[in-house]
Amino acid sequence: MSVPARVDALIVGAGLVGSATAWRLAQAGASVLIVEAAHANAGASGQNAGSLHFQIERRFLEQGEAKAAEAAAITGLSRMAVDDWRGLEQALGADLHVHMHGGLMVAETADEVAMLERKAARERAAGLSAELVDGAELRRIAPYLSERVIAANHMADEGHADPRAVTPAFVAAARAAGAVLAERTRVTAIARRAGGFAVTLAGAGAGTVQADQLLIAAGVWSAGVGALANVHLPLFPVALQMNVTERVAPFLPHLIQHVGRRLSMKQAHAGNVLIGGGWPSRMAAGDGRFDLSRRPELLAPSLAGNLAVATAVLPHVGGLNLIRSWTGTTAITADQYPLVGAVPCAPGLFVAAGGSAFTLGPTFARLIAAQMAGGGAAAEAKAALAIAAPARFDHLNSFMGG
């Protein structure tokens with residue numbers, strides 16, 4: 001495979017955000033090369049469960065009121081993401097199995113209901129359609145829920161999409177717009193040059209490419225790619241596991257989450273019920289570090305715990321056959337917000353990684369492409385991404401030099 005000797009933008013990683021950003025930039029007339037060490041959609045973009053969760057997530061709520069209040073800032077991105085997802089199938093001309101029929105974050109105790117009330121108030125203040133429902137209204141909306149569920153936050157825009165369809169559609173659109181994809185190609189060196197970067201590639205697309213701008217969107221491998229550019233990208237790998245049942249007739253129209261317990265559940269377009277919610281698997285380790293090349297190990301306590309919560313909330317799933325459980329690795333930051341935007345110490349270098357990359361991925365791509373393109377929209381995009389800005393960790397790079 002031959003790769004261009006020079007491009008306006010080189011993107012490392014052909015996941016959702018990388019391929020979507022490539023599409024946006026190529027549409028705007030930029031020359032774009034996407035470099036992927038494996039194949040498009042091989043990482044977390046294709047292994048997640050496809051949730052479109054626009055409510056403030058439980059992982060922020062469980063850290064106390066101060067963190068929950070701070071996390072309300074991310075609702076601005078969620079509001080944008082609702083609109084981006086609603087128009088995505090038409091924009092790409094593809095069936096992505098986008099279902100936005102609403103989501104419920106449920107509660108089983110009075111304390112959990114109080115947490116839902118505070119959360120809904122913050123979301124409504126940010127322009128999201130969150131409302132607390134209980135009693136007869138909850139039973140009307142979701143008759144399938146257990147009697148243990150006494151209330152829920154209902155958000156009409158939530159839902160799910162097919163992660164096996166979304167990234168391939170972005171890749172096809174990016175290539176149709178002129179972007180070049182080099183699969184089975186690794187970045188082995190990044191040297192800063194006047195006005196850009198010299199990027200050395202190995203594998204199918206071996207060679208050296210001059211790029212004016214560089215976007216690292218390599219998921220859990222992003223920190224390692226950043227090291228090649230002599231910058232710290234403070235991303236930490238975490239291993240999770242998911243479960244899927246046999247196909248059954250439609251009975252679950254909503255995305256289900258729990259405000260106090262780890263749970264995410266939805267019924268895919270094919271009829272399978274996907275069950276997860278942040279339950280850990282065990283990462284492989286060697287030589288004093290985590291080995292990202294090896295698949296994490298399934299943990300039986302996580303499997304049992306996840307299924308116990310699922311059946312407690314939705315008894316019907318207890319009668320379904322579990323057909324597969326799998327593990328995958330994603331990356332988070334120390335404050336659990338994504339890492340998206342320009343890296344201040346390295347002009348021309350951008351990153352997009354660190355959580356919520358499926359739900360917010362199309363929005364991240366639109367905003368980061370606007371930043372990379374410059375012009376009038378760049379400042380607005382930078383402001384929208386303020387909570388995710390790499391600048392908040394710039395002190396880590398103050399010793400790294402040029």
Side-chain angles (χ1 to χ4, degrees), residues 13 15-21 41 43-63 67-68 70-85 88 98 100 103 105 119 122-123 126 128 130 155 157-161 163 166-167 170 215-220 222-223 233-240 242 255 257 262-264 266 274 276-278 328-341 350-369 381 384-390 392-393:
L16 191 161
V17 178
S19 59
T21 306
N41 213 32
S45 292
Q47 295 173 0
N48 72 91
S51 297
L52 302 180
H53 49 78
F54 304 118
Q55 298 190 51
I56 298 172
E57 295 179 69
R58 181 201 59 81
R59 61 192 173 109
F60 297 119
L61 302 174
E62 69 181 2
Q63 297 181 56
K67 188 67 173 181
E70 180 185 270
I74 208 166
T75 55
L77 291 168
S78 295
R79 192 174 60 250
M80 294 180 188
V82 170
D83 293 334
D84 285 336
W85 276 103
L88 199 56
V98 176
M100 298 173 72
M105 184 174 284
K119 183 182 75 70
R122 294 188 177 106
E123 289 162 339
L128 291 172
M155 188 170 288
D157 298 310
E158 288 192 307
H160 52 88
V166 174
T167 298
F170 274 124
L215 168 62
I216 300 173
V220 73
S222 293
L233 299 179
L235 295 158
F236 303 93
V238 293
L240 303 174
M242 285 291 307
L255 168 68
Q257 300 175 86
R262 294 184 178 185
L263 180 66
S264 174
K266 80 282 297 178
L274 295 160
T329 310
T330 188
I332 61 170
T333 61
D335 60 10
Q336 294 208 45
Y337 298 124
L339 192 68
V340 183
F350 296 80
V351 62
S356 301
F358 190 82
T359 296
L360 300 181
T363 302
F364 287 159
R366 178 171 58 81
L367 295 173
I368 205 164
L385 287 169
I387 193 171
R392 71 191 192 274
F393 295 121

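All residue numbers in this chain count up from 1 along the given sequence. These values consider heavy atoms only, across backbone and side chains, with no hydrogens, waters or symmetry-generated copies.
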For residues V351 and P390, report the shortest heavy-atom separation together with the two atoms involved.
CG1-CG, 3.6 Å
side-chain contact (heavy atoms from CB on, under 4.5 Å), that's the test. Do L215 and T21 meet it? Break it down for me.
CA-CA 9 Å; L215 168 62; T21 306; 3.7 Å; yes
State, with a plain yes or no, whether a side-chain heavy atom of L339 is found less than 4.5 Å away from one of P234.
yes
Side chains of L77 and L385 in contact at under 4.5 Å (non-hydrogen atoms):
yes
Can you tell me how far the CG atom of N48 sits from the CG atom of L240, to the nearest 0.5 Å?
10.5 Å
Compare all side-chain heavy atoms of R392 with those of D335 and state whether any distance is below 4.5 angstrom.
yes
Does the side chain of P338 come within less than 4.5 Å of I74's, by heavy atoms?
yes
Is the side chain of E158 donor-acceptor paired with the backbone N or O of Q55 at a distance under 3.5 Å, no angle test?
yes
Determine whether F54 and L255 make a side-chain contact, defined as any pair of heavy atoms from C-beta on separated by less than 4.5 Å.
no
Can you check whether I56's main-chain N or O pairs, donor with acceptor, with E123's side chain at less than 3.5 Å?
yes
Checking the side chain of S45 only, and the main-chain atoms of N41 only, is there a donor and an acceptor separated by less than 3.5 Å?
no
Exam field: side chain S51 to backbone T359, donor-acceptor pair closer than 3.5 Å:
no
Looking only at heavy atoms, which two atoms of T363 and A81 are closest? And how far apart?
OG1-CA, 3.1 Å
Rounded to the nearest 0.5 angstrom, the NE2-CE distance for H160 and M100 is 11.0 Å
Residue pair R122, T75: steps toward the side-chain contact (heavy atoms from CB on, under 4.5 Å) verdict:
CA-CA 9 Å; R122 294 188 177 106; T75 55; over 6 Å; no
Please tell me if the side chains of T167 and F358 come closer than 4.5 Å, counting only heavy atoms from C-beta onward.
no
Start with the C-alpha distance between T329 and V238, add both sets of side-chain angles, then the distance that settles side-chain contact (heavy atoms from CB on, under 4.5 Å), and finish with yes or no.
CA-CA 6 Å; T329 310; V238 293; over 6 Å; no
Can you spot which of L367, I387, I368 makes a side-chain contact (heavy atoms from CB on, under 4.5 Å) with V340?
I368
Report the residues that fulfil salt bridge (Lys or Arg N to Asp or Glu O under 4.0 Å) with K266, sequence neighbours left out, ordered by chain and then residue number.
none
Qualifying salt bridge (charged side-chain N to carboxylate O under 4.0 Å, His left out) pairs, either residue in residues 351-366, two or more places apart
D84-R366
Check whether R79 reaches the backbone of A126 with its side chain - one donor and one acceptor, N or O, closer than 3.5 Å.
yes
Apply side-chain contact (heavy atoms from CB on, under 4.5 Å) to T330 and Q47, showing your working.
CA-CA 10 Å; T330 188; Q47 295 173 0; over 6 Å; no
